[in-house]
2 protein chains.
Amino acid sequence: MSDERRNATVSTGRERRVGSQVQREVMQLILDRRLPAGAPMPTEVELMESLKVSRNSVREALKALQALDIVEIRHGYGTYVGQASLSPFVDGLTFRTLAREGDDAHALGEILQVREVLEEGLVRRVAEALGDAELDELEDVIQRMEAAARAGEAFPELDREFHEKLYRSLGNALVPQLLAAFWNVFHRVAGVRGWTEDPSLTVTARRHRDILTALRARDVEQAQRAMADHFRGIEARAWQETLGVK
Amino acid sequence: MSDERRNATVSTGRERRVGSQVQREVMQLILDRRLPAGAPMPTEVELMESLKVSRNSVREALKALQALDIVEIRHGYGTYVGQASLSPFVDGLTFRTLAREGDDAHALGEILQVREVLEEGLVRRVAEALGDAELDELEDVIQRMEAAARAGEAFPELDREFHEKLYRSLGNALVPQLLAAFWNVFHRVAGVRGWTEDPSLTVTARRHRDILTALRARDVEQAQRAMADHFRGIEARAWQETLGVK
DNA sequence: GGGGATTTGTCCGTATGTATC
DNA sequence: CGATACATACGGACAAATCCC
């Protein structure tokens, strides 16, 4: 009722935050009620009554929160608490890359560099902790990669699966999501720009095989080098493509 | 000119993409017209006429795009192309962390780990390329840090400045923004949770000094270790705080 | 499968607040 | 200060989608 909730809100302080007040109030509502992802939100009518604003204002706030994947709106059904995934990050980074017209090769290079640094450091941390069971799982993924490569089929899903399994033992849920986000941006931009799909499937499969081989040998340095080579390959391909387009 | 831009759109294909149709059309409008950040957008009236939708739909789409920092709306003035910054990422990650009630220490630990891996790898890449001029700039920042620490004042801005200058030679604009994003999430969550501000300013200043010393000696390994220690300190403080609160 | 209830999507008209010149 | 252009907000109405009985 009172406006004395300046403390303990999401706001950073006096700084101007995201557009509307309603938006923050809805976020706060989720936090206050401890609503988990997937839980049903109040209907628009309930919100306009409890927040004492018009339905238009409620809808605008919900639309903004939907863009951040904080709520999920289903037409004719209801509104639910969202997954708070990194998809807004992917959308934003994709747009940002596409908007830097003529310089998107550099922008993609930046994304690749970040991912490369990340994975190089991560593989170092995970190399010693990987057990035989995990290595066998990775072996399985690699074999399916090699089979797909021989069949001339791309294997984006296997790629994702490899990197996810590789870092699972970290117990860090943010890592695979971040990596997937970078991967999505890269391939979405490539798709929009009309670049060809992986022209060298067998090479890509071999890069992954090299990483696994190094991990099996418990050779951290070699694993790091293999990971670096993996990215060097992607980078070279990207540059080649952009040069070809230009 | 024509409506033949079904190809080369933002859409990945048939997959359900970001919320509404209008939203995508406005994004596409920015890309098609090559509007740079800060450029004025069509007014709401112009958009509702050119897109043939009501004012309400236009406003909802713009609100969503504003949440992604793709457009910037100034009340009573106009709408402008946004900076496409990482602030939506910060908002989303902050909410996500706060929403995982009772487990936010772990969530913060995940963020710290990612930042630690990133900076450890980055400092390695930048160590050899740093010239005397850059080192002197860093020295200046450190000295201001030490002065602030002696005066008992926190120096978040100097912290940010140090890490930005450190990685400037990479020529990667994404890196400092990503690091700043993680930093913002961390401190915003800490603020909401009511944790105390840096209890050990002199220690924090010394960690940074250690990094610079290692860099001056061109000792990559030592720089990496110093960076790791820097984060170990943050981590310990975070855990201590959460334990104290609980 | 039909029909009614609920909920979100879209639209219109109007009034108000705000920034620029 | 006034004039103008623009975003903000409200209320009402109807369409579309979904669910449940």
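All chains are named by letter (A, B, ...) in the order of the sequence lines, taking the proteins before the strands, and each is independently numbered beginning at 1.
Looking only at atom types and distance, the side chain of B:Asp104 has no donor-acceptor partner in the side chain of B:Thr97 under 3.5 Å away. In the model, B:Gln113 has a side-chain atom that pairs as donor or acceptor with a side-chain atom of A:Asn172 under 3.5 Å.
Taking the salt bridge (charged side-chain N to carboxylate O under 4.0 Å, His left out) definition, one finds that A:Glu161 meets it with A:Arg144, A:Lys165, sequence neighbours left out. Listed by chain and residue number, A:Glu157, A:Glu164 satisfy the side-chain contact (heavy atoms from CB on, under 4.5 Å) test with A:Arg160 (two or more places apart in sequence, or in another chain). Taking A:Arg115 as the reference, A:Glu119 meet the salt bridge (charged side-chain N to carboxylate O under 4.0 Å, His left out) condition, with sequence neighbours excluded.
Of the charged side-chain nitrogens involved, none lies within less than 4.0 Å of a carboxylate oxygen, so that A:Arg168 and A:Glu134 do not count as a salt-bridged pair.
Put simply, chain B comes within 4.0 Å of DNA chain C, heavy atom to any atom, from C:dT10 to C:dT20, going 5' to 3'.
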Along nucleotides 6-13 of chain D, 5' to 3', which nucleotides get a B, which get an S, and which get a -, given that the test is a protein heavy-atom distance under 4.0 Å? BBBSBB-B

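Identified under the side-chain hydrogen bond (donor to acceptor under 3.5 Å, both in side chains) test for residues 176-186 of chain B, with sequence neighbours left out: A:Arg96-B:Gln177.
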